[in-house]
2 protein chains.
Amino acid sequence: MQTALRTVPPPTRMSHMPTPFRAVPGALALLEQFGCTVTVRRDHEIYRHGEPTDFCWRILTGCARTVKLMEDGRRQIGEFLWPDDLLGMDDFGTHYFDGEAVTDLTLRRYPRRVVEAQAEGNAVLALWLRTITVTNLRFAHRQLVLLGRKTALEKIASFLLEMDRRSAQTDGGVVELPMNRTDIADHLGLSIETVCRNLAHLQREGTVGILRSGIDLLDRDALLELARE
Amino acid sequence: MQTALRTVPPPTRMSHMPTPFRAVPGALALLEQFGCTVTVRRDHEIYRHGEPTDFCWRILTGCARTVKLMEDGRRQIGEFLWPDDLLGMDDFGTHYFDGEAVTDLTLRRYPRRVVEAQAEGNAVLALWLRTITVTNLRFAHRQLVLLGRKTALEKIASFLLEMDRRSAQTDGGVVELPMNRTDIADHLGLSIETVCRNLAHLQREGTVGILRSGIDLLDRDALLELARE
DNA sequence: CGATCGATTGAGTAGCGTCAAATCGGGTGG
DNA sequence: CCACCCGATTTGACGCTACTCAATCGATCG
């Protein structure tokens, strides 16, 4: 299991700290005693849509996605999540999306009952929970504009810049993309071929370099221009 | 002004009550003393993106929209809002969308500072605010699937059912649509012509009737089938 | 080394957008 | 009351973006 986890992309931000006991937002500290650490293998589920919202998770290492699968197989990925992101607080009652592991994951799991109970007596935690939800909502709203009104090329440019911001590992300009092309396509409302073609186009233009390890953002200004935000 | 407001579509749910003093969610009752009633004319702004989030609004009568305008004129409507819906709580700091009046509006406006201050000392209000945000997030997530993966016809069917649910005035099966075709198109990521053509298609099929006052949902089962949800 | 899975490239097409014209409906002024 | 006007809607013709189907390439693994 440990060796499996080591094959995963970059151990990113948390790897240098003894797992759950690091700089947790102050408000979350009092939940720590109720948390337990779990692992989920690549492409396996964290939770399924329709399940009761009994837990939420904080990502320790790895990358996760939220997914909606239509009956005929069409798929929409709501968002990708990185270390320190909170998963499963987007709903009351039952989950709307599925939560899945893009890479092997280590998670810190907390019972929602405890989270909600603590929030009731702790205004800082309560505000922090709403802040997280508002942040997610802002992301969703930006994604609405992207899906509704941007061209394929604009979507790709926006996505690359977004991944650069979120996965924020500054080894030169190379963005590591733990998800595959299908995931990217299903996040941007495109086909996998259109994703490939537009990445190739950006490469021919000299805007990006396509590496095995990720995408090299050679010309961020050009990408910003294309992203139209 | 009053006569202007009377020309607006359906006075919907609130019209039979003396405006702000009606069944306000208990948690909001203690904010009522800080609220003031404002009106906004059709197509005018309530707030602009980038403005500080100094206020939020509860809709008393009329219909509002949240809008993102791209530099070249492309437009995405995030959501439509009806009486009792809360507007302007989606962000901290500055607004992302514009808020605009679809019809002439009466609003109850509250200072955010007061709302936040009250929430800090009142767990019920705090939870209620988060519940509203979570509800908005769920709507946004459904819209992501619609924009990313549904066909034009599926989008139209989904939209009609959604409007039926939200504007919930049960005069037979007729959904009143206060927004114009352009607004619908910009909400669904379509062109106005595609909206028209698909509505016409549904009419030819006998699924809906297109009336001056709105859309008659003749065959809800067919719409549900088409909406794929 | 062959098998397999993801990524890429090519060819052809369909759905939806754009441009343009016609129609409808409501409001206005004579 | 009626003719006209103007904006919103609808319909038609055509084009383009992005999808589908299919083949190839590349990398990893047994």
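Computed from heavy atoms alone, side chains included, the values below leave out hydrogens, waters and symmetry copies. Chain identifiers are assigned alphabetically (A, B, ...) following the order of the sequence lines, protein sequences preceding nucleic acid strands; residue numbering begins at 1 within each chain.
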Item to check | Interatomic distance where CG belongs to B/L153 and C1' belongs to C/dG17 [whole Å] | outcome: 17 Å
Checklist entry - Are any of the side-chain nitrogens in A/D98 or A/K68 under 4.0 Å away from the carboxylate oxygens of its partner? => result no
Next on the checklist: Without decimals, in angstroms, what is the distance between B/I192 CD1 and C/dC16 C1'?
Outcome noted: 15 Å
Checklist entry - With a 4.0 Å cut-off on heavy atoms, is B/I210 in touch with a base, just the backbone sugar-phosphate, or nothing at all? => result sugar-phosphate
Below 3.5 Å between N/O atoms, which protein atoms pair up with nucleotides 25-30 of chain D? Just atom names and distances, please.
none

Item to check | B/H201 NE2 to D/dT10 C1', straight-line distance once rounded to whole Å | outcome: 16 Å
Checklist entry - Hey, what's the ring geometry for A/F55 with A/W57, parallel, tilted or perpendicular (30° and 60° as the breaks)? => result tilted
Checklist entry - How do B/C196 and A/V195 order along DNA chain D: which one's closest nucleotide is nearer the 5' end? => result B/C196
Next on the checklist: Working to the nearest 0.5 angstrom, can you tell me the gap between B/E100 CD and B/M179 CE?
Outcome noted: 13.0 Å
Checklist entry - Rounded to the Å, how far apart are B/R74 CZ and D/dT17 P? => result 13 Å
Checklist entry - For B/L177 and D/dA8, what is the distance between atoms CG and P respectively, to the nearest whole Å? => result 16 Å
Next on the checklist: So A/I184, base contact, sugar-phosphate only, or nothing? Heavy-atom distance under 4.0 Å.
Outcome noted: nothing
Checklist entry - Can we say B/D85 and B/R58 salt-bridge, meaning some charged N sits less than 4.0 Å from an Asp/Glu carboxylate O? => result no
Item to check | Smallest separation among heavy atoms of A/R149 and B/Q76, with atom names | outcome: CG-OE1, 3.6 Å
Checklist entry - Expressed in angstrom and rounded to an integer, what is the separation of B/D43 atom CG from D/dG7 atom C1'? => result 12 Å
Next on the checklist: Testing the basics here: between B/T194 and B/A152, what is the closest heavy-atom pair and its distance to 0.1 Å?
Outcome noted: CG2-CB, 3.6 Å
Checklist entry - A/R149 or A/T182: which one's nearest nucleotide on DNA chain C is closer to the 5' end? => result A/T182
Checklist entry - Between C/dG15 atom C1' and B/K150 atom NZ, what is the distance in whole Å? => result 18 Å
Next on the checklist: ring pair (Phe, Tyr, Trp, His ring centres under 6.0 Å) for B/H95 and B/Y47? Distances and angles first, verdict last.
Outcome noted: CA-CA 8 Å; B/H95 293 290; B/Y47 59 85; 3.9 Å; yes
Item to check | B/K150 versus B/S158, closest heavy-atom pair with distance | outcome: NZ-OG, 3.0 Å
Nucleotide N/O to protein N/O under 3.5 Å, stretch nucleotides 18-21 of chain C:
unit_1, atom_1, unit_2, atom_2, d
C/dT18, O4, B/R197, NH2, 2.9
C/dC19, N4, B/E193, OE2, 2.8

Next on the checklist: Taking the six-membered ring of B/F139 as reference, does the cationic atom of B/R166 (NZ for Lys, CZ for Arg) lie under 6.0 Å from its centre and within 45° of its axis?
Outcome noted: yes
Checklist entry - Roughly, in whole Å, what's the span from CG in B/L199 to C1' in D/dA8? => result 14 Å
